[in-house]
Amino acid sequence: QVHLVESGGGLVQAGGSLRLSCAASGSFFSRNTMGWYRQAPGKQRELVASITSAGITIYADSVKGRFTISRDNAKNMAYLQMNSLKPEDTAVYYCNALRVGIEYWGQGTQVTVSS
């Protein structure tokens, strides 16, 4: 079982930055693929970025060059550094853990970018 808690969301002006954190409980964190997803009102949840246990990262085209995903296995933490934020980045951001085909989700944190 994996329990995820996100933090770091908030209101920011366009062009600003936020850092989201995801605290994970449970054993063998380093074996999880960790991801950040987001869901805007009226839209489907979409993958923003993910990082495998080997540190391989992928990003949605819309955030490449602006967002950086990272992890600290010693602390059971995953992060999403978001720079040059745009109003279209406004959404609820969810932390995701994938292990052996089973997905776990956090409760989400709201990110609002004002123009």
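Position 1 is the first residue of the sequence, and the numbers go up from there.
- When side chains are defined from C-beta on, Val48 counts as touching Leu80, because their heavy atoms get closer than 4.5 Å.
- Taking both residues in full, the closest heavy atoms of Gly26 and Asn76 are given as O-ND2, 3.5 Å, listed atom of the first, atom of the second, then distance.
- For the atom pair CG (Asn73) and CE (Met34), the distance works out to 9.5 Å, reported to the nearest 0.5 Å.
- Note on residues 65-76: pairs passing salt bridge (Lys or Arg N to Asp or Glu O under 4.0 Å), not counting sequence neighbours, are Arg66-Asp89.
- A heavy-atom distance below 4.5 Å is not found between the side chains of Arg31 and Leu98.
- Side-chain contact between Ser30 and Ser53 is absent, with no heavy atoms from C-beta onward closer than 4.5 Å.
- No donor-acceptor contact under 3.5 angstrom links the side chains of Glu88 and Thr90, judged on distance only.
- Distance check, rounded to the nearest 0.5 Å: CZ of Arg45 to CZ of Arg38 gives 13.0 Å.
- Residues Trp36 and Asn96 form no side-chain contact, since every pair of their non-hydrogen atoms from C-beta on lies 4.5 Å or further apart.
- A single hydrophobic cluster is not seen to contain both Tyr79 and Phe67; linkage of ILVMFWY side chains at heavy-atom distances under 4.5 Å, directly or through other members, places them apart.
- No side-chain heavy atom of Tyr93 sits under 4.5 Å from any side-chain heavy atom of Gln39.
- Checking side-chain atoms of Ser25 against main-chain N and O of His3 turns up a donor-acceptor pair under 3.5 Å.
- A distance below 6.0 Å separates the ring centres of Tyr37 and Trp105.
- With rounding to the nearest 0.5 angstrom, the OG atom of Ser70 is 6.5 Å from the CD1 atom of Ile51.
- For the pair Arg99 and Phe28, the NZ or CZ position fails the cation-pi test of under 6.0 Å to the six-membered ring centre and within 45 degrees of the ring normal.
- Looking at every heavy atom in both residues, Tyr59 comes nearest to Lys64 through O-CE, 3.4 Å.
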Derivation of the side chain to side chain contact (heavy atoms under 4.5 Å, CB included) call for Ile69 and Ile58: CA-CA 9 Å; Ile69 189 171; Ile58 61 171; over 6 Å; no

Would you tabulate the side-chain donor-acceptor contacts of residues 6-23 under 3.5 Å, counting partners in other chains and residues two or more places apart, or write 'none'?
| from | atom 1 | to | atom 2 | distance (Å) |
| --- | --- | --- | --- | --- |
| Glu6 | OE1 | Gln107 | N | 3.0 |
| Glu6 | OE1 | Gln107 | NE2 | 3.4 |
| Glu6 | OE1 | Gly108 | N | 2.9 |
| Glu6 | OE2 | Cys95 | N | 2.7 |
| Glu6 | OE2 | Gly108 | N | 3.2 |
| Ser17 | OG | Asn83 | OD1 | 2.9 |

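- Among all heavy-atom pairs drawn from Val2 and Ala97, the shortest one is CG1-CB, 4.2 Å.
- To the nearest 0.5 Å, atom CG of residue Leu4 and atom OH of residue Tyr94 are 13.0 Å apart.
- Cluster membership for Phe29 and Ile102, using ILVMFWY side-chain heavy atoms within less than 4.5 angstrom, is shared.
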